[in-house]
Amino acid sequence: MDYWKTLVPLAQKYAGWESVTEQLAAMTAVKTALAHNQLPKKGLPRLGLSSDTLMMASDLREAKQLNHLLRQFRFFIAYHYGMWAFVHQQLFATWQDQFGPLRYLEVAAGNGYISAGLQQAGNRVIATDAHTWLNENQTGHHPMLPVQSLGASAALLRYGHQVDAVVMAWTPDKDPNDMHFLRLLRREYPHLLFFVIGERFGATNSRLFWQSAQFVADRRLLPLNRDFKRFDAVNERIYLLA
């Protein structure tokens, strides 16, 4: 099944439902931006149909299919464009207001969406990735800026002394290498700000990583996460760890 070719006519059929029209417009804007190797201007509204909306449908089977497709948008974008953390220009404007300017090292950068956003906002960035996903989807195939081929720990050892902060987003949920990285950072570079983007005890990072994480209470994260609002079943957030 072609996801997008199935979704669009089905959503247009329910264009009389304002929430569907809003969702499709926002999804189209994200897809169009990424297809042109640009960051979306803003985030997504909550995707999917409420139970009350579903009950209004004349064809419940069809409405349930639409609901399923709306809620699967993250995986469509991740597979075709290599975007896992749903970042956007508005988020980076807020990030810069709260924390910038800084020198950043991004590990596991993929296509470099986060590094590109930080750079466009006025920061110096070094983007790195082990490029282990190249044969599985579009992650790493169309970087928005140069991404050096380095694993996370190797990148930290090479560049940790040149930066003020490290960003790690959406690392695999069953790979213990994130714990090795955390130990290395604590031992060798405890002064660095460490931003982690993902879902705690969920879709990202190993369980051991989250169990060992020491969360930094920083009020500057509040406006950041207001812009990084949840839009589907994945509760991804931006954390500061020590």
Side-chain angles (χ1 to χ4, degrees), residues 39 43 83-130 139 144-145 147-148 150-153 155-173 175 177-206 209-230 234-242:
L39 283 176
M83 174 174 270
W84 297 87
F86 265 64
V87 295
H88 47 85
Q89 295 177 35
Q90 181 180 318
L91 171 66
F92 290 113
T94 301
W95 194 316
Q96 191 71 356
D97 286 343
Q98 299 299 320
F99 289 98
L102 294 172
R103 299 169 300 168
Y104 286 91
L105 167 66
E106 184 182 7
V107 298
N111 284 338
Y113 293 118
I114 294 169
S115 286
L118 290 168
Q119 184 180 75
Q120 290 168 13
N123 301 284
R124 292 171 57 188
V125 301
I126 300 170
T128 64
D129 191 280
T139 303
M144 290 192 69
L145 77 178
V147 177
Q148 298 184 41
L150 280 173
S153 295
L156 183 61
L157 288 170
R158 180 175 296 183
Y159 295 115
H161 64 288
Q162 299 180 26
V163 298
D164 308 302
V166 177
V167 183
M168 172 187 281
W170 272 79
T171 57
D173 61 341
D175 187 342
N177 284 327
D178 58 1
M179 187 61 224
H180 300 320
F181 179 85
L182 180 59
R183 287 172 178 156
L184 176 64
L185 186 142
R186 285 174 174 168
R187 186 178 70 245
E188 303 293 338
Y189 307 96
H191 60 287
L192 295 180
L193 292 173
F194 183 31
F195 294 90
V196 174
I197 303 177
E199 185 181 36
R200 187 180 180 187
F201 292 118
T204 75
N205 297 90
S206 67
F209 177 88
W210 290 119
Q211 289 172 339
S212 304
Q214 298 174 14
F215 296 91
V216 177
D218 192 314
R219 294 184 64 84
R220 293 175 293 179
L221 293 173
L222 297 177
L224 221 57
N225 280 304
R226 278 197 295 268
D227 282 344
F228 197 54
K229 58 187 177 182
R230 182 175 179 176
V234 179
N235 187 25
E236 59 180 337
R237 310 300 291 163
I238 301 172
Y239 299 98
L240 256 180
L241 302 185

To the nearest 0.5 angstrom, please state how far the [atom1] atom of [X] sits from the [atom2] atom of [Y].
{"X": "His180", "Y": "Leu182", "atom1": "NE2", "atom2": "CG", "result": "11.5 Å"}
{"X": "Ile114", "Y": "Leu145", "atom1": "CD1", "atom2": "CG", "result": "11.5 Å"}
{"X": "Phe195", "Y": "Leu102", "atom1": "CZ", "atom2": "CG", "result": "6.5 Å"}
{"X": "Met83", "Y": "Asn111", "atom1": "CE", "atom2": "CG", "result": "9.0 Å"}
{"X": "Gln96", "Y": "Leu118", "atom1": "CD", "atom2": "CG", "result": "7.5 Å"}

Residues two or more places apart in sequence or in another chain: which of them pass side-chain hydrogen bond (donor to acceptor under 3.5 Å, both in side chains) with [X]?
{"X": "Asp97", "answer": "none"}
{"X": "Arg183", "answer": "none"}
{"X": "Gln90", "answer": "Asp227"}
{"X": "Tyr159", "answer": "Gln148"}

Mind checking what makes side chain to side chain contact (heavy atoms under 4.5 Å, CB included) contact with [X], not counting sequence neighbours?
{"X": "Asn225", "answer": "Leu221, Phe228, Arg237, Ile238"}
{"X": "Ala155", "answer": "Leu105, Val107, Thr128, Leu150"}
{"X": "Phe201", "answer": "Arg207, Trp210, Gln211"}
{"X": "Ser153", "answer": "Phe181, Leu184"}

More than 12 heavy atoms of other residues, nucleotides or ligands under 6.0 Å from CZ of Arg220: yes or no? yes

Given side-chain contact (heavy atoms from CB on, under 4.5 Å), test Tyr104 with Val163 step by step and report yes or no. CA-CA 6 Å; Tyr104 286 91; Val163 298; over 6 Å; no

Going by the side-chain contact (heavy atoms from CB on, under 4.5 Å) test, name the single residue among Leu193, Leu156, Ile126 that passes it with Val166. Leu156

Considering all heavy atoms of both residues, which atom of [X] and which atom of [Y] are nearest to each other, and what is their separation?
{"X": "Ala85", "Y": "Ile197", "result": "CB-CG2, 3.9 Å"}
{"X": "Glu106", "Y": "Gly112", "result": "OE1-CA, 4.4 Å"}
{"X": "Thr204", "Y": "Gly198", "result": "OG1-CA, 3.3 Å"}
{"X": "Ala109", "Y": "Ala127", "result": "CB-CB, 4.1 Å"}
{"X": "Ala108", "Y": "Thr171", "result": "CB-CG2, 4.0 Å"}
{"X": "Ala116", "Y": "Met144", "result": "CB-CB, 3.8 Å"}

Any chance you could lay out the side-chain contact (heavy atoms from CB on, under 4.5 Å) test for Met168 and Asn205, step after step, and finish with the verdict? CA-CA 10 Å; Met168 172 187 281; Asn205 297 90; 3.9 Å; yes

Contacts of Phe209 that satisfy ring-ring contact (aromatic ring centres under 6.0 Å, His included) - sequence neighbours left out: none

Heavy-atom donor-acceptor pair, Thr94 side chain to Leu224 backbone, under 3.5 Å: no

Counting only N and O atoms by type, is there a donor-acceptor contact under 3.5 Å from the side chain of Asp178 to the main-chain atoms of Ser206? yes

Non-neighbouring partners of [X] that pass salt bridge (charged side-chain N to carboxylate O under 4.0 Å, His left out), sequence neighbours left out:
{"X": "Asp175", "answer": "none"}
{"X": "Arg124", "answer": "none"}
{"X": "Arg103", "answer": "Asp164"}

Going by the angle between their ring planes, with limits at 30° and 60°, are His191 and Tyr189 parallel, tilted or perpendicular? tilted

Distance alone, cut at 3.5 Å: any donor-acceptor contact between the side chains of Glu236 and Trp170? yes

Is any side-chain heavy atom of Gln120 closer than 4.5 Å to one of Phe92? no

